[in-house]
Amino acid sequence: RVASDGTEDKYSVILPTYNERGNLPVIIWLLAKTFKEHDLDWEVVIVDDGSPDGTQDVAKQLATVYGTEHIVLKPRPGKLGLGTAYVHGLQYVTGNFVILMDADFSHHPKFIPEFIRLQKSNNYDIITGTRYAGNGGVYGWNLKRKIISRGANFLASTLLRPGVSDLTGSFRLYKKEVLAKIMSVVISKGYVFQMEMMVRARQFGYTIGEVPITFVDRVYGESKMGANEIVQFAKGVWQL
């Protein structure tokens with residue numbers, strides 16, 4: 001996989017974590033396996049927000065197993081939010097492509113090669129995983145969650161017209177410089193953050209490809225979306 005400047009492409013995953021001690025070894029194993037099978041150069045930048053459960057100790061052990069060139073731990077002192085976790089992680093990325101995903105198995109690494117194939121085929125600036133096109137789908141959500149998510153996407157699409165079927169998804173592949181440019185102007189936090197990323201991408205004229213994914217709700221731990229997030233989302237759509 002050769003980059004446009006003749007060097008080899010490298011894929012950097014920014015993985016924000018908070019109390020993911022049980023999940024981290026498995027997700028890293030799956031990522032390492034996926035990248036190795038497809039002969040890709042890779043690294044995972046783990047941005048841990050001061051997890052009290054020992055997530056950072058596990059990350060350090062994983063760095064000894066896979067090598068510090070593949071596992072990079074860049075912790076922060078406390079829970080500072082998703083958007084700023086990506087900004088923090090981006091400072092340490094050495095790849096020319098960046099993958100944003102969750103550490104809780106809602107995003108399966110098996111879709112990454114598909115992201116990369118589509119990106120290469122049309123030189124897309126961004127590839128986003130979509131739950132709402134092709135054979136994409138959601139598993140483990142009750143009807144209320146599904147209605148909220150569908151409704152949120154419908155509301156945002158109708159008002160903002162970004163031409164993306166899944167605005168609130170957070171499994172995406174970016175060219176590094178594209179991600180840096182978008183991050184420099186994004187203002188929202190929480191659930192709205194992913195949506196604003198797509199709206200800004202369209203404003204800058206970046207090209208976006210979509211890959212259908214199956215999203216599985218958190219296998220362990222608590223879902224991070226509550227009533228407060230829904231209110232924030234509605235406000236965010238209004239602001240955008």
Side-chain angles (χ1 to χ4, degrees), residues 1 3-4 9-16 27-28 30-45 82 86 89-90 93 95-141 145-146 149-150 152-154 156-157 160-179 181-183 191 193-202 204-219:
R1 306 285 179 144
S4 50
D9 282 327
K10 182 172 183 180
Y11 295 87
S12 300
V13 178
I14 300 179
L15 205 60
I27 198 75
I28 294 294
L30 284 168
L31 283 165
K33 178 171 169 279
T34 302
F35 286 125
K36 274 194 196 117
E37 280 173 1
H38 292 84
D39 196 24
L40 299 163
D41 193 8
W42 64 282
E43 68 180 355
V44 180
V45 179
L82 196 60
Y86 293 139
L90 194 58
V93 156
N96 56 329
F97 287 96
V98 182
I99 294 162
L100 305 185
M101 63 185 292
D102 295 340
D104 62 11
F105 306 118
S106 50
H107 302 143
H108 199 294
K110 70 183 177 187
F111 296 108
I112 290 173
E114 193 56 42
F115 282 26
I116 293 169
R117 266 197 296 277
L118 184 61
Q119 190 282 321
K120 290 264 171 283
S121 69
N122 290 293
N123 193 25
Y124 282 114
D125 296 311
I126 303 165
I127 298 294
T128 182
T130 176
R131 299 161 290 185
Y132 302 128
N135 56 357
V138 173
Y139 296 91
W141 274 9
R145 272 297 290 275
K146 285 184 178 173
S149 181
R150 278 278 189 179
N153 271 288
F154 178 75
S157 312
L160 305 171
R161 303 191 185 281
V164 177
S165 66
D166 191 348
L167 273 173
T168 52
S170 51
F171 192 6
R172 294 180 181 150
L173 166 72
Y174 293 83
K175 288 180 179 174
K176 183 185 176 181
E177 68 277 11
V178 167
L179 180 60
K181 175 85 164 111
I182 294 172
M183 290 278 206
Y191 201 57
F193 170 78
Q194 303 296 354
M195 179 177 67
E196 187 183 347
M197 296 277 282
M198 291 295 96
V199 174
R200 300 289 181 195
R202 282 284 182 235
F204 287 132
Y206 291 133
T207 53
I208 305 171
E210 291 194 316
V211 169
I213 60 162
T214 43
F215 173 95
V216 181
D217 199 21
R218 289 183 68 89
V219 182

### Query
Can you name the one residue among Glu177, Gln119, Lys175 that meets side-chain contact (heavy atoms from CB on, under 4.5 Å) with Asp125?
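Of the listed options, the one satisfying the test is Lys175.
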### Leu100 side, atom CG; Leu179 side, atom CG - distance, nearest 0.5 Å
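Spacing of CG (Leu100) from CG (Leu179) equals 5.5 Å.
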Considering residues at least two apart in sequence or located in another chain, which fulfil the side-chain hydrogen bond (donor to acceptor under 3.5 Å, both in side chains) criterion with [X]?
| X | answer |
| --- | --- |
| Glu114 | Arg117 |
| Lys10 | Thr94 |
| Asp41 | none |

### Task
Sequence neighbours left out, what passes salt bridge (charged side-chain N to carboxylate O under 4.0 Å, His left out) with Lys176? Give chain and number order.
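Once residues adjacent in sequence are excluded, Lys176 has no partner under the salt bridge (charged side-chain N to carboxylate O under 4.0 Å, His left out) criterion.
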### Task
Quick one: list whatever passes salt bridge (charged side-chain N to carboxylate O under 4.0 Å, His left out) with Asp102, sequence neighbours left out.
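Salt bridge (charged side-chain N to carboxylate O under 4.0 Å, His left out) check on Asp102 returns nothing, list empty.
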All ring pair (Phe, Tyr, Trp, His ring centres under 6.0 Å) counterparts of [X], not counting sequence neighbours:
| X | value |
| --- | --- |
| Phe171 | His107, Phe115 |
| Phe35 | Trp42 |
| Tyr124 | none |

### Query
Can you name the residues that form a side chain to side chain contact (heavy atoms under 4.5 Å, CB included) with Ala103, not counting sequence neighbours?
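In terms of side chain to side chain contact (heavy atoms under 4.5 Å, CB included), with neighbours along the sequence ignored, Ala103 is linked to Leu15, Thr17, Glu20.
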### Message
For Lys110, give me all partners under side chain to side chain contact (heavy atoms under 4.5 Å, CB included), at least two apart in sequence or on another chain.
### Response
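For Lys110, the residues satisfying side chain to side chain contact (heavy atoms under 4.5 Å, CB included) (neighbours in sequence not counted) are His108.
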### Task
Please confirm whether Tyr86 and Phe193 have ring centers closer than 6.0 angstrom.
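Between Phe193 and Tyr86, which both carry aromatic rings, the centre distance is below 6.0 Å.
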